[in-house]
Every structure is written in C-alpha cells, then in structure tokens.
Amino acid sequence: MSEDALFEIEDVPDANPSAEQVSELTDFEKAQTEAIELTTKINEAADAYYERDESIISDAEYDMAMRRLEEIEKTYPVLQGQDSPTLSVGGRAAATFEKVPHLERMMSLDNVFSEEQFLSWAEKTERDAGAAIEYLCELKIDGLAINLRYENGTLTGATTRGDGVVGEDVTANVLTIQGIPHRLAGSGFPELMEVRGEIYIPTAEFEELNKRLLEAKEKTFSNPRNSASGSLRQIDPAKTAARPLRLLVHGIGAWNEVPVANQSEVYALLESWGLPTSKYFKVLSSASSVADFISEMGAQRHSIDHEIDGIVIKVDDLAIQKKLGATSRAPRWAIAYKYPPEQVNTKLVDIKVSVGRTGRATPFAIVEPVQVAGSVVEYATLHNQDVVKAKGVLIGDTIVIRKAGDVIPEILGPVLELRNGTEYSFVMPEECPECGSKLAPASEEDIDLRCPNTKGCPAQVRGRVEHIGSRGGLEIEGLGESTAEALTNPIPPIQPALLTEAGLFDLTLEGIFPLEVWNYSDIRIREIKLDKDTKEPLRELPFRRIRKIGKKVVMDPPFDPEAEVFDGDEQYILSKGAFELIAELEKAKTKPFWRMLVSLNIRHVGPVAARALANHFGSIEALDEASAEELAAVEGVGQIIAESVKTWLSVDWHREIVDRWKAAGVQLFVPGHPGPGAAVSSDGPCSGLIIVATGSLEGFTRDGAQEAIIAAGGKPASSVSKNTNYVAAGPGAGSKLTKAEELGIPVLDAEGFRKLLEGGPAAVSS
DNA sequence: CACCCTCGAGTTCA
DNA sequence: CTCGAGGGTG
C-alpha cells in the first residue's frame, strides 16, 4: 500500500488563499490528476483481483475507469507512462499466465559501451580461453526474450524470460505467430531441446500497425518493443495473431549432446529445421574486425528492418564456451555491445533556476515532454551558466536530448537548422528566484553562483530539512520533499511551521496544522516574484494541492487520528500523516550521533566524515572544544573539513540549532563514548577489511548492509578498487560486480556475506 | 607534488 | 550515476 493512499486526493483548483494571482488549473493538469486517480484505482482493483482473487469494484466500473483512462491518454499521450495499465491489456493480465521453470537458466548478458571496453573484454577472454577465438557477431534485437521447447521436433512450450529461472507460459499466443514452426522440418531432432530467441515487431510493420490503430480510433503504441510485449501478453490468442510479431532465434538452452562444435553451426542446423535465424550474423576471427563490424552496423542501424540496441558477440566454439563458463548472472563467453543511448529532439521551452540546500543556483531546462529511453522527460539540469553557454542552446530552440547513464536526461545541443529567429538566450538572474537575495560566487574562482541568505532562504531551509529526513540523515519517514516544502512554505498569509531547522524537534500537532502538501513538479518550478509596488510576493505559477496531511481544526488536544472534526460547515477526517510525522520525529531524537552531524548540514560532512568525527570525539561538546588541527588529525578528515566544521560551529544561528535540538531532547553524543581522542575500537571478525555491498542482498537493506559491515569491524566502501577485500553482490548488481570480476576480487552472495560478517575471512576462504 | 581512491553533492523519474 | 574535489600515499 503506497503512502499516498493515506491521504485524500483532492481536486482543489485554488488552494492558495491569496487567490487573485493564481491562474486556473489547466485542462492538462486536471487530466493529469484524473489519470493518476484512475491508474491507482485500476491497479488496486487488478491487484486485488489477480493476486488475492477478490473483486473490490464491479467489472462495469473497472471497464469504465479503463476506458476513461484510455481517452485521457489519447488526448495527452504524455500522460501514458510506461507502466500505464492501458498498456497491459486486461489489467495485470500477466499474472494469469502460468509460471513454468526453464530447464536451463536464461541468463542476461554483461554490457560494454565502447570499443575500448570491448577490446579489453576480448583480451581477457582470449587469455582465459588460452586460445585464439572465433567471434560470432549478431544484432541485439530490441524485443522480448523467449524460450521455445521442442520435444522430438514438436513445439511443446513457449515461455518468457521471467526472472531467468521461471518464466510465464505464453504457448497459446506464440503458436499464433507467423514463422514459428509448430513441427520442425527434416529429421534428426533431439529428444528435448530449448531454443532461445527474440520476439519483435519489424519497424515498418509497427508503423503500419499504429496507422491502423489510429484509423480505428484506438490507442497507439509508443515503440515497437512495448507493442511486442503488449501483443504477446494478450489473454485472447486471436488478438496476438492479429499483430505482426516475428521471431529470430539466437541461442540454445537445455540440449543434450549438441551434434555440432560451433554456435554458428547450431544456427545453420536450426535454420535447416525451419527456425528463423538472422541473416546478419557473422563469424570473425579477430577482435579488431569485430570492432569494425560494430561500427559498421552502428552506422546503418536504422536501415535494418527491426530496432537494435547493440551487437552481441559470442565465442563461436562451444567447447570454449563451456570452459569459460558463467558468472552468477551472465555467461563469460558472450558480451553485449550497447550503442549510445537513444537521442531525441524536443523543444526547449524555458530555462529556470533552482536553489538547492547549499544555496547553489542551478539552471535547469524545461522541455516539451518527450519519451527518451523508457520515460517521459520534462526537465534536464544545465549545471551552471557556463554549461548553458557551452551547449549553445537558446530558449525556444529545438534541442537534442539523451539519457546519460540511462537515468539522467542530458541536453546535447541545439538543432541549428530549425532556428527561426524567435529564440533568445538565457540570462542568469542576479537574484535568488526564491528569496530575492543578490546571488554571488562563494569565492573568487568559483563559477557557481550562490544565494547568500543561508539562514532565511526558503529554498535552502527546505533543502536542509529534506536532507535531515533523508536516508543519509535521520531517516525520518514522512519527511521527504513535499513535507519539507509544506513545513517551510512561506507564502503569505500562511506562516511556515519552520523558519529554520532549529525548530524541527519542537514541532507539535497543533503547530503543523494547517499543513498542506504540494506535489513535486510544482516545487521544482516554483518561483516567487515580488510585486513592484507592494513588495508583496506574487505566486507566478499555480500550486496544486493534491493531498493534505492536516487541516486546521477547532478541537482540544489530544488529537485522535480517527476523529472526524467539524470546522464550520466542512467536515474533515484527520489523516495519519501528521501523527506519524510527530512520532517519527520523536524516534529520530535518539538516532546515532553521526546521523545528527550529517543532519546539521555542515559543508563537506557526509556520512563517512561524520562517522569518523563521531567516533573520535563522541559529542558535539568535544567537537566544539577541539581545535581545527585536532579535527584534521582524524583519519579521513583534512584541513578543509576541519575548518568547515569549526566555521559552522562559530555561527550564531547554527548554535541556536544545536541548543534548541538539545533542549528538545535530541541526543548529540555517542552514548557511552569514553571521550575525545579515544576512537571506539573497531574489533570484530572483519577488522581491517574493506567490503563493498551492491545489488539487493537478501536480508539486508542498502544501509543495513553498511551498518552490518561496521558492526563486524569492517569498512564499507562505495566503490570497488584494488584495495577492496570483498564484494557482496546480490541480484541487480551492476558495474561494481563487473569491476570486481575484472580485478579478481572475491565476490560473495548474501549467504557468503553473512558468513563473512560472522566468522571473518576464514569462514569464506574455502 | 602527482597520483588514485573516495566522498559529497546534485540529479530525474516513478 | 556522474562529476569535481578532498584526503592520503608513494
């Protein structure tokens, strides 16, 4: 159950008491709110139905919600997220497919992103193989992996990849796909074999399909991959049959005694039996010719009849494949070369400036929403004014966007041919967009402009409060982005509950009513301008209240979460959020001292430096009395951090934070600490070991793993290097695991990790 | 003083 | 995840 479900979702056109300046909600915003509501409703109903076998709404109601959502998404395609229920037709239909284990695990592939990385993989592989290698190169089709099971030449089952061990049975649908033989041609088939392939929709057919859907006034698909996925998961096989799905096979799973020696010969054999193989594969005998193949195909990737996102390179010789074996999740005898992330054109609508918790003013781009590599992008950071200049973009330009690291949108530059003269350049504002203070560089050489109003700037206070609640800080549930905003919101006539973080632990239920929580996108583009004449703040952009955690009520304490309260003619039910926040704040008061240090928002003091300081000094008083030199003597703390701490402590309003927190009962010391200088010894089974935890380790949360390493006397690190002693990797581990394997560092699973923590290196040395 | 590890800070979207 | 910069080491 999501947190949001605790709150009422409201459609309040004007949540701001100073109503005049606020424009009406746009149609788009109304549609967005409705789409969110519908999606929640549909998903909850589908979950109940498929997971727990119960109906919480009638079929008719469900259909109506689905139809309305489709309608909205048709009007505003941007609102159709990747996981929109309208994409998986029949709600969460997937859940109705039977789970079937694969006979042989369906592995994924490790990735390389440059020629250099590929060459070093090839070098290592040749070394490990102890022989020259013939490489089989093939296109990496952007589709859905499928496992086909043939028994004595007859197709007896088709399953999706699932988690690699167990897939979903989609046999009935696969049987309808053109070009997949139900019965193999020729003779000499094995008793039992698994064939791996990719289901996809050719680009041309995809466009055709979308055109047909459009004409039929049905909703269209955003890309061939989604479309193939949706088509394969139809409950009714007749619907699948109507879609232009294709198959290409590219591997084998379980198969006793393969009658040939090379993967390429396997393909030839499969083809002779009537299975579709790609005509693009090629066997090459040197890594450098493979590199050439990669760049050649990259240049013509869009002229191929289906979408590709890279090239797969395999060791052709099956005996060598066997010798090389596999890591926990991917074979060592194959690698995927991924082409650079998808690039998309869109329009640069505006450039605005946001201010973070440190006061840094960061320009960011607002772009016309577009789909890039899996999600809809609306914002992209521009780092600072020099970057804006360097990119050469003007407001109004058509620009090229891509996803860097597959997550963060990056603006590459303008499309100059599409300029029409109406574009204009961005000028860095002189003043803080939120508090109006004059922006200035922190030092001479500093490129970044900062808002000097550290104490009072609402943007900075909000950022700091949010940081206190964050995972690295005090981990206060219910104190995230929007709650921090609500607590510090300075829009008159509402006084913010907090002017600075000093009062955080003095908050009471009465104090936080009324507290309204605003949604994310509104915070991001928030901008307050002062009226020229009255100097009253104007709210330039409409705020939209989507939920509330409290409402001012006339009622005697103690408050009761379940109470219904009458305020004039209106009736409110108090939501749990406010009560939980107060309870969480109380719990936070006794969290570890290093978390307190992080929460003070001292520059350069993050979790690691804070731990070092907390260990050596044990209390805020000890830190206060110590000189900068004494601080800098601590390992991991240098002059800069030491001075930053001393400077922070010398500021009056910072001291006020410390004093008020203390007065409120916040524990600013390590209980039982022997005193300054006496570092708490870190004895344990893992003394002196540097351990990196990555991926999801069963039985540990991300931070839990770190804590466990420390508790065992080890040192947790965030990146893998040659100094690392062990890497504990769970499912979903990425580059760190790759790096560990490269460097030959022992890799442990959750089980091994637990043993290491209990018994030290001896326990896992075997 | 030049290098290599790490850490801190900022970042988007669901 | 990435970038820039702090801290430690040879």
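Chain letters run A, B, ... following the sequence lines, proteins first and then strands; every chain starts at 1. The analysis underlying the following values was restricted to heavy atoms, covering all of them including side chains, and did not include hydrogens, waters or symmetry mates.
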* **Student check: side-chain heavy atoms of A:Glu410 and A:Lys391 closer than 4.5 Å** => yes
* To do: Give the rounded distance in Å between these two atoms: OH of A:Tyr379 and P of B:dC13.
  => 8 Å
* Can you list the residues that meet the side chain to side chain donor-acceptor pair (under 3.5 Å) rule with A:Glu475, with sequence neighbours excluded? -> A:Arg595
* Return the value, rounded to whole Å, for the distance between atom NE2 of A:His604 and atom C1' of B:dG10. => 15 Å
* Asked: Rounded to whole angstroms, how far apart are CD1 on A:Ile401 and P on B:dT11?
  -> 16 Å
* Measure from the side chain of A:Ile641, starting at C-beta and using heavy atoms only, and say which of B:dC13, C:dG7, B:dT11 lies closest. => C:dG7
* side chain to side chain donor-acceptor pair (under 3.5 Å) partners of A:Asn725, counting only residues at least two apart -> none
* Structure fact -> Checking B:dG8, B:dC13, B:dT11 against the side chain of A:Thr362 (C-beta onward), the nearest is B:dT11
* Can you find a side chain N or O atom of A:Arg357 that sits less than 4.0 Å from OP1 or OP2 on B:dA9? -> yes
* Asked: Hey, does the side chain of A:Asn601 reach the backbone of A:Ser599 with a donor-acceptor pair shorter than 3.5 angstrom?
  -> yes
* To do: Kindly check if the number of other-residue, nucleotide or ligand heavy atoms within 6.0 Å of NZ (A:Lys591) is above 12?
  => yes
* Structure fact -> Residues at least two apart in sequence or cross-chain that pass ring-ring contact (aromatic ring centres under 6.0 Å, His included) with A:His467, listed by chain then number, are none
* Asked: Out of B:dC13, B:dG8, B:dT12, which has the shortest distance to the side chain of A:Pro409?
  -> B:dT12
* Structure fact -> Nearest-nucleotide check on DNA chain B, A:Pro607 vs A:Leu382; residue mapping nearer the 5' end is A:Pro607
Short heteroatom pairs, N/O only, protein and nucleotides 2-4 of chain B, under 3.5 Å:
none

* To do: Could you state the atom-to-atom distance from CG of A:Leu597 to C1' of B:dC7 in whole Å?
  => 16 Å
Filtered N/O pairs between nucleotides 8-10 of chain C and protein, under 3.5 Å:
residue : atom : partner  : partner atom : Å
C:dG8   : OP1  : A:Gly636 : N            : 2.4

* Value in whole Å for how far the C1' atom of B:dC7 lies from NE2 of A:His467 -> 12 Å
* **Nearest-Å distance for atom pair CZ/P, residues A:Arg360 and B:dA9** => 11 Å
* **Length of the CZ-P vector between A:Arg611 and B:dC7, whole Å** => 10 Å
* Any donor-acceptor N/O pair, A:Lys646 side chain to A:Leu623 backbone, under 3.5 Å -> yes
* With rounding to the nearest 0.5 Å, note down the distance linking CG in A:Asn384 to CE in A:Met428. => 7.5 Å
* Do A:Gln460 and A:Arg357 touch side chain to side chain, with heavy atoms closer than 4.5 Å? -> no
* **Spacing of A:His383 atom NE2 relative to C:dA5 atom P, expressed in whole Å** => 13 Å
* Residue A:Ile640, side-chain atoms from C-beta onward, closest of B:dG10, B:dG8, C:dG6 -> C:dG6
* Want to settle it: does A:Val377 or A:Thr358 sit nearer the 5' end of DNA chain B, counting the closest nucleotide to each? -> A:Thr358
* Structure fact -> Of C:dG6, B:dT12, B:dG8, the nucleotide closest to the side chain of A:Thr381 is B:dT12
* Structure fact -> Taken in chain and number order and not counting sequence neighbours, the residues that satisfy ring-ring contact (aromatic ring centres under 6.0 Å, His included) with A:Trp648 are A:His654
